[in-house]
Number of protein chains: 2
Amino acid sequence: MKSPRRSAADDSNTRTLLLDAAKDLMVEEGYAAVSSRRVATKAGTNAALVYYYFDSMDGLFLELFRRGAEQSLARQARVLSSAQPLWGLWDAAHDQSSNALTMEFIALANHRKSIRAEISSYSKKFRRMQLEVMSSVLETYGIDSQEWPPATIILMIAGISRFLLMEKAFDVDIGHADMVALVESHIRELEGERRTIHLALADLQD
Amino acid sequence: MKSPRRSAADDSNTRTLLLDAAKDLMVEEGYAAVSSRRVATKAGTNAALVYYYFDSMDGLFLELFRRGAEQSLARQARVLSSAQPLWGLWDAAHDQSSNALTMEFIALANHRKSIRAEISSYSKKFRRMQLEVMSSVLETYGIDSQEWPPATIILMIAGISRFLLMEKAFDVDIGHADMVALVESHIRELEGERRTIHLALADLQD
DNA sequence: GTCTATAGCTGGATAGAC
DNA sequence: GTCTATCCAGCTATAGAC
């Protein structure tokens, strides 16, 4: 029986510093580099505090994932309700740093059940939200939902852009320009020129 | 100066057992579970032998990646020279277990430079091979390379199928059936009904 | 809330017997 | 080729001082 610390100072400054440090470590050196000692050192504080705030390393990873998931979900909602939801979807999927984090969590999930369950339920929520909005959007664009089910559009955009990001992380970009041009020309046909701010840039402030 | 053991009994039985054990561990529990002790135990042998055959854990990972890469490259060549290269590409990309391994290596690459470099050069080789073959294949199919550059077809097939695999690993399969149907209907238009053996099944023997 | 100290474990890597 | 023994580092987690 662990003591119930979940609600203890969710907005504590130290707590946030620890989460930020864990995130940076995970992106820069992979999840295996995220130990209580290294996180604490990077946050300029003490390793024991990780256990004070999160009970265990598992708890830390879980909270880190949840924090990111909530941000992504909120951004996604914003983007989908904009005047150019397809551009929004495409640009949002292009965020490099959040993608690197995602890849680490996917690998982590391979041996941490709690993470696995969390990613699963979050992904479903995410997808349901995309589907609901895009279904009506694509209908107003006059897309035949028999020939092009909304789910296929979403999966193509998500799949292609994640794949390009993964490859780019290894300096592989053969044919990427062609691929981007092709996708964007199709989006342009439906929503015209991109008018929203490139989210990949807006996210540099995170 | 390490002693040059690279060529020492590349076909040794124990060596192969160690590589197999490392592969299984990596798929089942993630790369962090791959330690010299655990690999040796799973292989039914001794931890010191890892260092005898591979010099270091880094060396083990590198050899494991290379072995898989060579197999994939060979299979890819076979598939691309078949009568239905598009079906081959699509089916080969659907191999679940090799995909799980790939994801682990990608995460590993985040903090092992040697792995990173190896994945990078292998990916480029892989892509170049696909491009070369598919360029002429698509031309014979009468595909306009201006409108649909060969690289885009390849990237779409690879990206979509990896994305579906990743999601399925988390029990997320919303819209997957639609996506598969759409891709396969386009392939069918070009190459007719699938006549080759489903590679995902053929690979169960590995 | 934050720290030190420490128990207990697992890991990479090497030396040397056989 | 294969094994045991061993060193040293780093990890999770807890107890307890402040």
Side-chain angles (χ1 to χ4, degrees), chain A residues 1-22 25-26 28-64 104 107-108 110-115, chain B residues 1-22 25-26 28-64 104 107-108 110-115:
Chain A
M1 294 297 168
K2 301 262 176 165
S3 57
R5 279 166 181 155
R6 281 89 224 273
S7 61
D10 265 23
D11 52 352
S12 144
N13 185 36
T14 302
R15 202 186 114 105
T16 304
L17 284 175
L18 287 170
L19 286 173
D20 290 344
L25 265 176
M26 205 161 168
E28 289 160 17
E29 302 187 49
Y31 70 76
V34 183
S35 66
S36 55
R37 285 161 157 79
R38 294 202 59 184
V39 167
T41 301
K42 193 161 186 115
T45 178
N46 189 281
L49 288 178
V50 168
Y51 301 93
Y52 175 77
Y53 282 108
F54 305 103
D55 280 343
S56 66
M57 288 306 293
D58 230 272
L60 170 67
F61 281 120
L62 215 51
E63 277 308 298
L64 183 57
E104 286 298 321
L108 232 198
N110 209 344
H111 59 282
R112 291 208 188 234
K113 290 178 195 167
S114 58
I115 291 292
Chain B
M1 295 295 166
K2 301 263 178 166
S3 56
R5 280 168 182 156
R6 280 91 224 271
S7 60
D10 265 24
D11 52 351
S12 142
N13 185 35
T14 302
R15 202 187 113 105
T16 304
L17 285 175
L18 288 170
L19 286 173
D20 290 344
L25 265 176
M26 206 161 168
E28 288 160 17
E29 302 187 49
Y31 70 78
V34 182
S35 66
S36 56
R37 284 161 161 82
R38 292 202 60 187
V39 167
T41 301
K42 195 164 186 113
T45 178
N46 189 280
L49 288 178
V50 168
Y51 301 94
Y52 175 75
Y53 283 108
F54 306 103
D55 280 344
S56 65
M57 287 307 293
D58 230 89
L60 170 66
F61 281 119
L62 215 50
E63 277 308 299
L64 183 57
E104 287 298 322
L108 231 198
N110 209 345
H111 60 281
R112 290 208 188 233
K113 290 178 196 167
S114 57
I115 291 292

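For clarity, every value in this text was computed on a predicted model and none was experimentally measured. Chain letters run A, B, ... following the sequence lines, proteins first, then strands; residues in each count from 1. Side-chain atoms are counted along with the backbone in the values below, which use heavy atoms only and exclude waters and symmetry mates.
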When the distance from [atom1] of [X] to [atom2] of [N] is rounded to whole Å, what number comes out?
X      : N      : atom1 : atom2 : value
B/H111 : D/dG10 : NE2   : P     : 15 Å
A/M57  : D/dG10 : CE    : P     : 16 Å
B/D58  : C/dG11 : CG    : P     : 17 Å
B/R38  : C/dG12 : CZ    : P     : 11 Å
B/Y31  : C/dG12 : OH    : P     : 13 Å
B/F54  : C/dG12 : CZ    : C1'   : 16 Å
A/R112 : D/dC11 : CZ    : C1'   : 11 Å
A/Y51  : C/dA7  : OH    : P     : 17 Å

Problem - Shortest side-chain distance from A/S12, nucleotide among D/dT2, D/dC3, C/dG1 - result: C/dG1
Any side-chain heavy atom of [X] sitting closer than 4.5 Å to one from [Y]?
X     : Y      : value
B/M26 : B/L64  : yes
A/Y31 : A/R112 : no
B/L19 : B/L60  : yes
A/F54 : A/L18  : yes

Is the phosphate of [N] approached by [X] (side-chain N or O, under 4.0 Å from OP1 or OP2)?
X     : N      : answer
A/S35 : D/dC11 : yes
B/T14 : D/dT2  : yes
B/S36 : C/dA13 : no
A/Y52 : D/dA13 : no

Fill in the blank from the handout: The reported gap from CD in A/E28 to CD in A/E104 (rounded to nearest 0.5 angstrom) is 11.5 Å
Please tabulate, one pair per line, each protein N/O and nucleotide N/O from nucleotides 4-6 of chain C that are separated by under 3.5 Å, including the distance.
residue, atom, partner, partner atom, Å
C/dT4, OP2, A/N46, ND2, 3.0

Practice task
Begin with the C-alpha distance, continue with both residues' side-chain angles, and end with the deciding distance and a verdict on side chain to side chain contact (heavy atoms under 4.5 Å, CB included) for B/T45 and B/L17.
Solution key: CA-CA 9 Å; B/T45 178; B/L17 285 175; 5.8 Å; no
Handout entry: With sequence neighbours excluded, residues passing salt bridge (charged side-chain N to carboxylate O under 4.0 Å, His left out) with B/R37
Key = none
